[in-house]
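Computation of the quantities below employed the complete heavy-atom set of this structure, encompassing side-chain atoms and omitting hydrogens, waters and symmetry-equivalent molecules. Chain identifiers are assigned alphabetically (A, B, ...) following the order of the sequence lines, protein sequences preceding nucleic acid strands; residue numbering begins at 1 within each chain.
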Amino acid sequence: MTLRLHNSLTGTKDVFEPLEDSHVRMYTCGPTVWNFAHIGNLRAFLFYDLLRRHLQVAGYRVTHVMNITDIDDRILDQAMHAGTTIAEYTKPYAEAFFEDMKMLRVRPAEHYPRATEHIQEMIRMISTLLERGNAYVADGDVYFRIASFPHYGELSHLDREGLRAGARVAADKYDKESVSDFALWKKAQPGDEKIGAAWDAPFGKGRPGWHIECSAMSKRYLGDTLDIHAGGVDLMFPHHENEIAQSEAANQRQLSRFWLHSEHLADATGEKMSKSAGGFTTLRDLIAAGHDPLAIRLFLIANAHYRSRLRLSEESLHAAGEQVRRLQDFARRLKLPVAPKDGGRLAERVAEVRHAYREALDDDLNLPQGLGHVFELLREANAALDSGEVGEAAARELLLLMADVDAHADVSAAQDTTLAAEVEQLIAQREAARKARDFAAADRIRDELRDRGIALEDSKEGVRWRRVAKV
RNA sequence: GGCGACGUAGCCAAGUGGUAAGGCAGAGGUCUGCAAAACCUCCAUCCCCAGUUCGAUUCUGGGCGUCGCCUCCA
């Protein structure tokens with residue numbers, strides 16, 4: 001089993017091996033907590049989760065660091081308007097982020113460093129860059145001197161000429177040597193201190209630029225060279241390019257061996273969802289609209305490969321919801337008593353599918369393909385269950401397969417097993433009515449439960465129920 | 001203008017130089033008191049044109065279309 005990952009640095013799928021045996025150090029760009037995360041943001045975070053989970057499946061210990069950006073221009077503006085401090089302003093959004101992660105069953109990272117708690121590390125790195133001549137002070141701001149870093153642009157494959165042609169005119173506001181030089185430190189403006197957004201530094205009171213936090217915090221928690229750095233495609237330039245320039249100029253070491261980028265989520269019109277363009281959807285919106293968080297989870301990680309654009313639609317969310325239901329129903333069937341012995345060669349087939357599933361995931365995390373194999377087998381296995389041909393050996397293999405799937409998808413584990421006593425009573429009443437062949441009464445009870453969001457299914461093994469969307 | 005990606009059934013989507021996984025939706029059927037679930041059957045020649053090849057959806061070139069990045073951005 002060889003894990004291959006698409007590396008933006010080389011533009012190809014490369015065999016992944018960590019620097020340190022069996023231990024992966026991974027840094028992923030987290031949320032800027034100036035607002036609720038929209039589900040395009042969440043797609044990226046779920047991509048990190050898929051990556052992390054698969055690295056663990058592949059046998060690695062993972063140290064995952066995900067930053068919380070709690071200072072940037074938008075936060076400053078908002079806090080200023082709200083008449084509060086940036087710490088107070090960002091608090092509820094940071095909390096909402098963790099709630100979202102929990103609802104979507106994202107496995108927590110080892111560290112969630114916040115930018116405002118690592119100002120000293122940033123100041124140290126900026127000082128190093130100044131000493132080395134990679135940075136300069138201009139009117140209280142500190143800029144990175146791109147001319148001092150010949151490799152600039154190699155990740156995003158943008159050359160200096162292209163940058164110059166595309167650069168917006170910023171010279172009116174800043175006193176930079178070159179228009180593409182970027183800020184490491186921004187001089188404090190009136191009012192910044194009052195909202196808790198100004199820090200003392202050898203080069204003057206101010207606040208960090210956007211990019212330096214990732215360089216400083218990844219070094220602090222993971223060292224000079226990471227195995228993997230991941231983010232959304234829109235971060236490739238300038239953010240990741242700038243991180244590379246800062247870190248490699250300061251540390252004289254490669255920042256990351258693998259760079260992974262996830263594609264955008266598009267809205268219903270097919271265009272990238274973005275906060276500034278207005279009209280974005282949050283997890284809360286989708287849940288309020290009746291979507292199961294697990295359906296949203298599966299949609300985001302499995303409806304399309306992570307490097308393909310994904311379009312948000314009711315239909316796709318519904319399809320994902322049906323897939324979740326099928327996986328859950330199947331997992332539940334497996335818990336029932338099995339047949340005395342196996343018929344056919346199902347156990348072998350399951351072993352084949354387990355292998356194919358693993359290979360798909362090893363091939364740059366191709367979960368959509370892996371699940372394709374699984375659903376194909378699900379049909380065969382359900383048929384075998386229907387005809388009582390699933391014995392212990394096949395059932396054992398099937399449970400292993402479902403565990404394989406849950407290692408990534410994590411949607412099939414039965415949830416919500418407690419029923420209110422009243423509902424249990426209604427089910428019992430209906431059973432009594434059915435025995436007495438009073439089907440009118442039985443159907444009345446079933447309809448009533450359906451209205452309350454509980455669907456009943458009569459099977460050979462007894463009555464099953466599950467939660468469904470209320471009508 | 002520069003760089004790049006994509007275009008597969010009603011919708012979503014995987015994929016390969018040798019006649020297209022899977023899911024949703026739809027139609028018919030088995031089972032069921034009825035339903036639901038499950039299962040069975042049906043439903044595509046892969047944007048267009050040219051080229052390479054014994055053979056291309058898969059490679060090359062051109063065209064059309066959609067989208068992304070070019071310092072707010074997951």
(request) Decide, yes or no, whether a salt bridge links A:Lys186 with A:Asp192 under the criterion of side-chain N to carboxylate O below 4.0 Å. (result) no

(message) Can you tell me which nucleotide in B:A14, B:C73, B:G68 comes closest to the side chain of A:His305?
(response) B:A14

(request) Taking only the side-chain heavy atoms of A:Arg325 (C-beta and beyond), determine which of B:C73, B:A37, B:C6 contains the nearest atom. (result) B:A37

(request) Using only side-chain N and O atoms of A:Asn366, determine if any of them is under 4.0 Å from OP1 or OP2 of B:A13. (result) no

(message) Tell me if the centroids of the rings in A:Phe182 and A:His211 come within less than 6.0 Å of each other.
(response) yes

(message) Whether A:Arg430 and A:Asp458 form a salt bridge (side-chain N of Lys/Arg under 4.0 Å from carboxylate O of Asp/Glu) is what I want to check.
(response) yes

For nucleotides 45-48 of chain B, which of its nitrogen or oxygen atoms have a protein nitrogen or oxygen under 3.5 Å away, and what is each distance?
none

(message) Can you tell me which nucleotide in B:G23, B:G10, B:G33 comes closest to the side chain of A:Phe439?
(response) B:G33

(request) Please state whether the phosphate of B:C39, meaning OP1 or OP2, lies under 4.0 angstrom from any side-chain nitrogen or oxygen of A:Asn382. (result) yes

(message) Checking contacts here: which listed nucleotide (B:A21, B:C12, B:U71) is nearest the side-chain heavy atoms of A:Glu376?
(response) B:A21

(message) Nearest whole Å is fine: how far is B:C73 P from A:Lys272 NZ?
(response) 9 Å

(message) Return the pairing partner of B:U58 with a 3.5 Å limit on both distances, Watson-Crick or G-U wobble; otherwise return none.
(response) none

(request) Please state how far atom CG in A:Leu312 lies from atom P in B:A13, giving the value in whole angstrom units. (result) 12 Å

(request) Tell me, please, which residues at least two apart from A:Asp362 pass side-chain contact (heavy atoms from CB on, under 4.5 Å). (result) A:Met1, A:Leu3, A:His54, A:Arg358

(request) Could you tell me the separation between the CZ atom of A:Arg446 and the C1' atom of B:G33, rounded to a whole number of Å? (result) 10 Å

(request) Say whether A:His261 and A:His240, considering side chains only, have a donor N or O and an acceptor N or O under 3.5 Å apart. (result) yes

(request) Pick the C1' atom in B:C49 and in B:C70, then give their distance to the nearest Å. (result) 32 Å

(request) Between B:G51 and B:C40, how far apart are the C1' atoms? Round to whole Å, please. (result) 45 Å

(request) Decide whether A:Thr32 and A:Asp72 meet the rule of one side-chain donor and one side-chain acceptor closer than 3.5 Å. (result) no

(request) Look at the side chain of A:Asp329 and decide which nucleotide, out of B:G23, B:A37, B:U71, has an atom nearest to it. (result) B:A37

(message) Between B:U57 and B:U45, how many Å separate the two P atoms, rounded to a whole number?
(response) 12 Å

(request) Scan every strand shown for a Watson-Crick or G-U wobble partner of B:C72, both distances under 3.5 Å, and answer none if you come up empty. (result) none

(request) Could you say whether A:Gly370 or A:Leu456 is positioned toward the 5' end of RNA chain B, judged by the nucleotide with the nearest heavy atom to each? (result) A:Gly370

(message) What is the separation between atom CD on A:Gln246 and atom P on B:U71, rounded to the nearest whole Å?
(response) 17 Å

(request) Between A:Phe182 and A:Asn303, name the one whose nearest nucleotide on RNA chain B is closer to the 5' end. (result) A:Asn303

(request) Determine the interatomic distance between P on B:U19 and the same-named atom on B:A5; round to the nearest Å. (result) 28 Å

(request) Among the candidates B:A74, B:A38, B:C34, find the nucleotide nearest to the side-chain atoms of A:Arg333. (result) B:A38

(request) For B:G4, give its Watson-Crick or G-U wobble partner with both distances under 3.5 Å, or none. (result) B:C67

(request) Select base, sugar-phosphate, or nothing to describe what A:Ser316 touches, counting heavy atoms under 4.0 Å on all strands. (result) sugar-phosphate

(request) Select one nucleotide: of B:G33, B:A74, B:A14, the one nearest the side-chain heavy atoms of A:Arg437. (result) B:G33

(message) Between B:C64 and B:A50, how far apart are the two C1' atoms, rounded to whole Å?
(response) 15 Å

(message) Just the rounded figure in Å: distance from C1' of B:U71 to CZ of A:Phe149.
(response) 17 Å

(message) If the threshold is 4.0 Å, N to carboxylate O, is there a salt bridge linking A:Asp100 and A:Arg284?
(response) yes

(request) Can you tell me the distance, in whole Å, between the CG atom of A:Leu378 and the P atom of B:C24? (result) 10 Å

(request) Would you check if A:Leu255 and A:Gln246 make a side-chain contact, meaning some heavy-atom pair closer than 4.5 Å? (result) no

(message) Using the ring centroid of each side chain, check whether A:Phe97 and A:Phe36 are separated by less than 6.0 Å.
(response) no

(request) Please evaluate the base of B:C73 for a donor-acceptor partner in the side chain of A:Asn41 within a cut-off of under 3.5 Å? (result) no

(message) Looking only at the side chain of A:Leu235 (C-beta and beyond, no hydrogens), which of the listed nucleotides B:C67, B:A74, B:C39 gets closest?
(response) B:A74

(request) Just name whichever nucleotide pairs with B:U53, Watson-Crick or G-U, keeping both distances under 3.5 Å, else none. (result) none

(message) Using atom C1' in both nucleotides, what's the gap between B:C3 and B:U8 to the nearest angstrom?
(response) 27 Å

(message) What's the closest nucleotide to the side chain of A:His318 if the choices are B:C73, B:A25, B:A14?
(response) B:A25

(message) With a 4.0 Å cutoff (strictly under), does any side-chain N or O of A:Thr269 reach OP1 or OP2 of B:C67?
(response) no

(request) Could you tell me whether the side chain of A:Asp234 has a donor or acceptor atom within less than 3.5 Å of a complementary atom in the base of B:G68? (result) no

(message) Measuring only between side-chain heavy atoms, which start at C-beta, is A:Tyr306 closer than 4.5 Å to A:Ile301?
(response) no

Can you give the donor-acceptor pairs under 3.5 Å from side chains of residues 365-376 of chain A to other protein atoms, not counting sequence neighbours?
| residue | atom | partner | partner atom | Å |
| --- | --- | --- | --- | --- |
| A:Asn366 | OD1 | A:Gln369 | N | 3.1 |

(request) Identify the nucleotide, in any strand shown, that forms a Watson-Crick or G-U wobble pair with B:U19, with both distances under 3.5 Å; if there is none, say none. (result) none

(message) Nearest whole Å is fine: how far is B:A74 P from A:Asp267 CG?
(response) 16 Å

(request) Please determine, for the side chain of A:Trp210, which listed nucleotide (B:C72, B:U71, B:G33) has the closest atom? (result) B:C72

(message) Applying the Watson-Crick and G-U wobble criteria at under 3.5 Å, what pairs with B:G28? Answer none if nothing qualifies.
(response) B:C40

(message) Is A:Arg326 close enough to B:C39 that one of its side-chain N or O atoms is under 4.0 Å from OP1 or OP2 there?
(response) yes

(request) Take atom P in B:G63 and the same atom in B:U71, then report the distance between them in whole Å. (result) 27 Å

(message) Is the phosphate of B:C40 approached by A:Arg379 (side-chain N or O, under 4.0 Å from OP1 or OP2)?
(response) yes

(request) Provide, to the nearest angstrom, the distance between the CZ atom belonging to A:Arg309 and the P atom belonging to B:G68. (result) 7 Å

